[in-house]
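One structure is given here, and the rest of the page talks about it.
Predicted model only: the values in this text are computed from it and were never measured. The basis for the numbers below is simple: all heavy atoms, side chains too, and nothing from hydrogens, waters or symmetry mates.
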Amino acid sequence: MDLAHVRPAKVEDLETLPEMEVAAGSLFRELDMDAVADDPAPEPECFLRAHQRGHVLVAEAANCVVGFVLLNELDDALHVEQVAVVPTHGGQGIGRKLMLAAEDVARCRGYRRMTLTTFRDVPFNGPFYKSMGWSAVSQARLTPGLADVRRREAAAGLDRWPRIAMEKSVTSD
């Protein structure tokens, strides 16, 4: 069992996050989703802007960053832009720890819900989030921001594989 802990990212963590995302994305090759695996990581400035808003959490194990969650405000929700765990640390619950920490951040900042978009059938995507209490958002219920995200994903060709928007209530009542 991994003893990873989640903490807010430090500036010095940011430079490793794009390569970590590329490494995590390599898992899509095993599913014949090479186009997804080849998708470039966000530019370092994207991580820096998110860090300045307190929207990057990292998982650390043995003094090494092994995963991250990148967040963004979207409409009235805290939106999960990306979750990545290096493959050598996969299957140890790190992604789950990152998501639970992101939910704590959302609650502490007064958000009532969180959103994300993901591949519906990829085991470490849609089914994983569903196991954590996330539910699909119908096309009719997409907020303007989520609808825009879905349009950009479709334009990028990601809809070759079924994608969904998901949400989770993070209120404590």
Side-chain angles (χ1 to χ4, degrees), residues 1-9 17 20-33 35-37 39 41-42 50 55-61 65-143 145-147 149-150 153-154 158-173:
M1 181 82 176
D2 194 280
L3 298 177
H5 69 279
V6 176
R7 61 170 172 76
L17 302 187
M20 192 174 302
E21 182 167 345
V22 170
S26 69
L27 295 175
F28 286 99
R29 289 192 197 293
E30 298 169 13
L31 303 171
D32 293 323
M33 297 172 72
V36 176
D39 192 37
H55 286 173
V56 184
L57 302 174
V58 296
E60 186 177 67
V65 174
V66 296
F68 71 87
V69 60
L70 176 66
L71 305 166
N72 188 22
E73 185 172 318
L74 185 66
D75 300 318
D76 63 343
L78 192 59
H79 184 74
V80 178
E81 291 283 341
Q82 183 67 36
V83 179
V85 175
V86 294
T88 55
H89 284 76
Q92 299 176 20
I94 294 172
R96 188 170 298 278
K97 283 184 181 181
L98 284 162
M99 291 300 293
L100 291 172
E103 291 175 24
D104 287 342
V105 167
R107 266 189 294 281
C108 288
R109 294 184 184 173
Y111 290 98
R112 299 185 59 73
R113 66 189 191 100
M114 293 182 71
T115 60
L116 58 80
T117 61
T118 193
F119 293 105
R120 183 189 70 200
D121 301 324
V122 172
F124 51 89
N125 280 190
F128 166 72
Y129 297 119
K130 186 175 180 181
S131 78
M132 292 193 68
W134 290 72
S135 57
V137 178
S138 70
Q139 184 73 25
R141 287 192 50 248
L142 292 180
T143 59
L146 266 180
V149 169
R150 288 294 299 121
E153 291 173 346
L158 293 178
D159 283 0
R160 289 172 43 195
W161 305 276
R163 286 193 63 81
I164 56 173
M166 299 184 87
E167 68 182 351
K168 183 174 183 179
S169 172
V170 291
T171 58
S172 51
D173 40 47

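Smallest separation of non-hydrogen atoms from Thr115 and Ala77: CG2-CB, 3.9 Å. When all heavy atoms of Lys130 and Met166 are compared, the pair lying nearest together is N-CE, 4.0 Å. Residues Val36 and Trp161 approach most closely at CG2-CZ3, 3.6 Å, considering heavy atoms. Residues Ala102 and Leu78 approach most closely at O-CD2, 4.1 Å, considering heavy atoms. Annotation for Ala106 and Val170: closest pair CB-CG2, 3.9 Å, computed over non-hydrogen atoms. The minimum heavy-atom distance linking Val85 with Gly90 is given by the pair CG1-N, 4.2 Å.
The aromatic ring centres of Phe124 and Phe28 sit less than 6.0 Å apart.
The main-chain N or O of Gly145 is found under 3.5 Å from a side-chain atom of Asp75 such that the two form a donor-acceptor pair. Side-chain atoms of Lys168 come within 3.5 Å of backbone N or O of Met132 as a donor-acceptor pair. Put simply, the side chain of Lys97 gets close to the backbone of Ala4: a donor and an acceptor are under 3.5 Å apart.
Between His79 and Thr143 the shortest side-chain heavy-atom distance does not fall below 4.5 Å.
Under the 3.5 Å distance criterion, with hydrogens and angles disregarded, no donor-acceptor pair is assigned to the side chains of Thr117 and Arg150.
How far CE of Met99 is from CZ of Phe128: 6.5 Å, rounded to the nearest 0.5 Å.
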